[in-house]
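Here the structure comes first, spelled out in structure tokens, and everything after it is commentary.
Residue indices begin at 1 and follow the sequence shown. Atom set for the values below is all heavy atoms of this structure, side chains included, hydrogens, waters and symmetry mates excluded. When a ligand or atom number is given, it counts from 1 through the structure's own listing order.
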Amino acid sequence: MALIFVINGPNLNLLGSREPNHYGNNTLEDIELRLKSMAQDLGHQLEHIQHNHEGTLIDLIHEAGKHEVDFIIINPAAYTHTSVALRDALAAVAIPFIEVHLSNIYRREPFRRHSCFSDLALGVISGLGATGYELALTAAHHYLTQPKQET
Ligand code: DQA
């Protein structure tokens, strides 16, 4: 059994009502419930965290490092495009992670096309809505349970 953190950044607490044309109609709670039940079926423990403040997200990643978290699924939201500090926190704890975006950041404004995280991530899922989190959890499960191989 692995311990997996799902971390969501600023404004994602507003999912469901926030710009549904970009982010869909699911609330964060809907996503969390589906992921929890999936994780249970796969035999993993999942902790879901959402926070709007950069420093708190950094502290949470440090905690993940101390508590031997095996894997992180993260949607850094707007911090994707700006936060060297959050990137450095993930690099420091060296926990494998997948970067998820509900919207396809490459089809939107040019400033969203740069991510501070993608080159450190095991993989990136962007544009598949809430399903992206479920695909990330499936991929995390494969990563954690299959023998490691070079890609
Ligand atoms: C987002 C995309 C970001 O550009 C944006 O700032 C978000 C959400 C997404 O999930 O599509 O808040 O990460």
Side-chain angles (χ1 to χ4, degrees), residues 2-42 44-65 69-144 151:
L3 177 57
I4 301 171
F5 270 20
V6 179
I7 302 178
N8 281 292
N11 301 309
L12 293 172
N13 53 313
L14 300 180
L15 285 183
S17 62
R18 176 191 180 201
E19 299 182 88
N21 55 318
H22 286 306
Y23 304 119
N25 297 308
N26 284 285
T27 65
L28 197 57
E29 199 188 356
D30 295 333
I31 295 171
E32 183 179 344
L33 286 173
R34 279 207 298 277
L35 287 183
K36 279 243 161 157
S37 124
M38 248 183 98
Q40 202 171 18
D41 292 345
L42 294 170
H44 302 305
Q45 188 189 335
L46 188 135
E47 295 295 331
H48 199 116
I49 297 136
Q50 187 279 328
H51 215 281
N52 292 323
H53 301 174
E54 189 176 24
T56 308
L57 291 166
I58 291 166
D59 290 343
L60 283 163
I61 290 168
H62 294 178
E63 286 304 309
V69 170
D70 299 292
F71 204 94
I72 293 176
I73 295 169
I74 185 164
N75 182 348
Y79 290 138
T80 305
H81 318 296
T82 60
S83 184
V84 175
L86 209 47
R87 171 203 168 88
D88 284 352
L90 284 164
V93 298
I95 298 170
F97 72 93
I98 294 176
E99 175 185 346
V100 174
H101 301 286
L102 293 142
S103 64
N104 181 347
I105 57 174
Y106 303 101
R107 287 179 67 181
R108 299 184 61 192
E109 303 94 322
F111 67 83
R112 293 188 203 273
R113 291 186 198 144
H114 168 72
S115 164
C116 296
F117 299 84
S118 302
D119 64 310
L120 284 185
L122 205 62
V124 182
I125 299 173
S126 183
L128 302 180
T131 309
Y133 289 90
E134 295 169 32
L135 295 172
L137 183 54
T138 304
H141 174 69
H142 280 277
Y143 176 85
L144 293 163
T151 49

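Proximity of Val6 to Ile31: side-chain heavy atoms (C-beta onward) are nowhere separated by under 4.5 Å. Using a 4.5 Å cut-off on side-chain heavy atoms (C-beta onward), Leu120 and Arg87 make contact.
Within a 6.0 Å sphere centred on CD of Gln40, heavy atoms belonging to other residues, nucleotides or ligands number 12 at most. No more than 12 heavy atoms of other residues, nucleotides or ligands lie within 6.0 Å of CZ in Arg107, so this atom counts as exposed by the packing criterion.
Of the protein's heavy atoms, Leu102 N, 3.4 Å lies nearest to atom 9 (C) of ligand 1. The closest protein non-hydrogen atom to atom 4 (O) of ligand 1 is His81 NE2, 2.7 Å. In terms of protein heavy-atom proximity, atom 1 (C) of ligand 1 is nearest to His101 ND1, 3.7 Å. Scanning the protein for heavy atoms near atom 6 (O) of ligand 1, the closest one is Arg112 NH1, 3.1 Å.
Where the criterion is an N or O separation shorter than 3.5 Å, residue side chain and backbone included, Arg108 fails it with respect to ligand 1. The distance criterion of under 3.5 Å between nitrogen or oxygen atoms is not met by Leu12 with respect to ligand 1. Considering backbone and side-chain N/O of Ser103, one or more are found under 3.5 Å from N/O of ligand 1. For the pair Ala78 and ligand 1, the shortest N or O to N or O distance falls below 3.5 Å.
Taking CZ from Phe5 and CD from Glu63, the interatomic distance works out to 8.0 Å, rounded to the nearest 0.5 Å. To the nearest 0.5 Å, the span separating CG on Leu46 from CG on Leu3 amounts to 8.5 Å.
Arg18 counts as a contact of ligand 1, since one of its heavy atoms falls under 4.0 Å from the ligand. Residue contact check for ligand 1: Asn11 places no non-hydrogen atom closer than 4.0 Å to it.
For an aromatic pair to be called close, the ring centres must be under 6.0 Å apart, and Phe97 with Phe71 fails this.
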